[in-house]
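Worksheet: one structure, shown below.
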There are 2 protein chains.
Amino acid sequence: MKSYGQFCSIARALDLLGERWTILIVRELLCGGRTFGDVRRGIPRISKTMLAARLHELCDAGVVERRGAEGYELTEAGRDLMGVVSALGTWGQKWLPRESKPDELDMDALLWDMRRRVDLERLPPRPTVVRIELTDLRRGATRWLLLRPSEVSLCSTNPGFPESLEVRTDRRTLIAWWRGDLSYEEARHRGLRLDGPPALRRAFPRWFQRYLFADVAREH
Amino acid sequence: MKSYGQFCSIARALDLLGERWTILIVRELLCGGRTFGDVRRGIPRISKTMLAARLHELCDAGVVERRGAEGYELTEAGRDLMGVVSALGTWGQKWLPRESKPDELDMDALLWDMRRRVDLERLPPRPTVVRIELTDLRRGATRWLLLRPSEVSLCSTNPGFPESLEVRTDRRTLIAWWRGDLSYEEARHRGLRLDGPPALRRAFPRWFQRYLFADVAREH
DNA sequence: CTGTATCCTCAAGGATACTG
DNA sequence: CAGTATCCTTGAGGATACAG
């Protein structure tokens, strides 16, 4: 993209950050993504070519550093982009309409966010598998979360453990709960269903910290 | 531009704000621009077609409101974008290299920023014309600032009043002073020259508040 | 899995002319 | 001045194949 050609630091920051995908990549790294694959799972619609190109640009600009096999790491300048990313997220949460068409939303990005927003401290000590069924999708609508206090995995096939809990919900309701547009009780009322032992069903909502901006006060 | 298709408010905010030019347009409105022409003078390289299209998008999104002949106005949501814009400018000022090639920088945008960052309170009571000569440009390198406590105008021809003061400088030095990369004394030392009555020459640097982010502490 | 190299398409957006 | 309508070019970026 051509530079704006302005002296202004807003314009100059946008020369770097304003290209498509770039800020989302920074978001993934800020949220703990380390490898090429981590970033891709958070941004499923980016092409490999594009992601590689953008990571190079960020390295050249001194925002990201390549760490060989360990993947990528934000520099201090990169970590300081939290202010920009956070301002964008807060503004969006405050002012954008709650609803967007779930048909156009990428559920894998949502589930990837759920994976990383698990509160490990609150998980049961034994491995727990949650089967998540998106009821308004025909195929490929099932994912599994393997929850262990040491680590969480998101799988598109049953990871081999017995299923401890099943969540059935349409996309709108899951998204609305995750984004903080609905409380857990409201989501249950709107059709989110849990199947499994009562103790796990009660505990389930506590396992998740929800979306980073779920608690931002809305103005819309 | 196609939507990112993510539930995340960062991505959704970028669906709106991430298109080329959009944030710069918001910046101009935040800095007091009201009319179509105001915005264009702050972003000389945008085409009329593009500016009209972007303003429509911002209106549709509820960030800007059309005010008939008075031009455009940010809504409350729009004014709240100050957080995003300010985070970008602060980050850029802190982390981006000071120098960029002046050949690629638009001096009209700089002079337009000077026009609006005049401290009216400190101006002499009588109309004052400052002739600004950019010494490293061949033609079209002269502009005039007509300073009056009621209003400031930027002209590309002599506005008719006698010239009270002349500033001669290359672009790098003017930009560096304006951005806060050099103090006024350093800029003088680097070649910024003033011609005119000593009282006005002494007063000159006080008339300007410089760039909005000039005082941000640098990390680079 | 983590990329790179190439090709090819489509649409963003600049230029121009026209209008109230 | 403040736009709108049309045309046309260019390059962003997706798809595919290939490599370490």
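Residue numbers start from 1 in every chain, and the chains themselves are labelled A, B, ... in the order their sequence lines are given, proteins ahead of strands.
Chain B approaches DNA chain D over the interval dA2(D) to dA5(D), counting the first and last nucleotide 5' to 3' with an atom under 4.0 Å from its heavy atoms.
Screening residues 147-159 of chain B for salt bridge (Lys or Arg N to Asp or Glu O under 4.0 Å), with sequence neighbours left out, gives Arg148(B)-Glu151(B). Within the structure, side chain to side chain donor-acceptor pair (under 3.5 Å) contacts touching residues 76-86 of chain B (residues at least two apart or in different chains) are Lys94(A)-Asp80(B), Trp95(A)-Asp80(B).
Counting only N and O atoms by type, the side chains of Asp15(B) and Ser3(B) include a donor and acceptor under 3.5 Å apart. Between the side chains of Glu133(A) and Thr142(A), at least one donor N or O sits under 3.5 Å from an acceptor N or O. No side-chain donor-acceptor contact under 3.5 Å links Arg126(B) and Ser164(B). Side-chain atoms of Arg115(A) and Ser153(A) include no donor-acceptor pair closer than 3.5 Å. Under the 3.5 Å distance criterion, with hydrogens and angles disregarded, no donor-acceptor pair is assigned to the side chains of Gln93(A) and Arg98(A).
With rounding to whole Å, Lys2(B) atom NZ is found 13 Å from dC10(C) atom P. Summarising the geometry, the separation between NZ on Lys48(A) and P on dT4(C) is reported as 11 Å, rounded to the nearest angstrom. Atoms CE (Met50(A)) and C1' (dG3(C)) sit 14 Å apart, rounded to a whole Å. Rounded to whole angstrom, the span from the CD atom of Glu70(A) across to the C1' atom of dT2(C) amounts to 14 Å. For the pair Leu51(B) CG and dG14(C) C1', the interatomic distance rounds to 14 Å; values are reported in whole Å. When the C1' atom of dT2(C) is taken as reference, atom CZ of Arg34(A) falls 17 Å away, rounded to whole Å.
The pair Arg34(B)-Glu70(B) does not meet the salt-bridge criterion, since no charged nitrogen lies less than 4.0 angstrom from a carboxylate oxygen. Using a cutoff of 4.0 Å between basic side-chain nitrogens and carboxylate oxygens, Arg171(B) and Asp103(B) are scored as salt-bridged.
Residue contacts for Arg45(A): at a heavy-atom cut-off of 4.0 Å it reaches no nucleic acid atom on any strand shown. Using a 4.0 Å heavy-atom cutoff across all strands shown, Thr35(A) reaches sugar-phosphate atoms only and no base atom. When heavy atoms are screened at a 4.0 angstrom cut-off, Arg54(B) is found touching the sugar-phosphate backbone but no base atom.
Not a single side-chain hydrogen bond (donor to acceptor under 3.5 Å, both in side chains) links Arg40(A) to another residue, sequence neighbours left out.
Residues of residues 11-28 of chain A that place a heavy atom closer than 4.0 Å to DNA chain D, in numerical order, are Arg20(A), Trp21(A).
Using a 30° and 60° split on the angle between ring planes, Phe208(A) and Trp178(A) fall in the perpendicular class, above 60°.
Remark on the helix from dC1(C)-dG20(D) to dG20(C)-dC1(D): inter-end axis angle 50°, axes from five-pair C1' superpositions, rounded to 10°.
Residue Arg66(A) has a polar side-chain atom (N or O) positioned under 4.0 Å from OP1 or OP2 of dG3(C).
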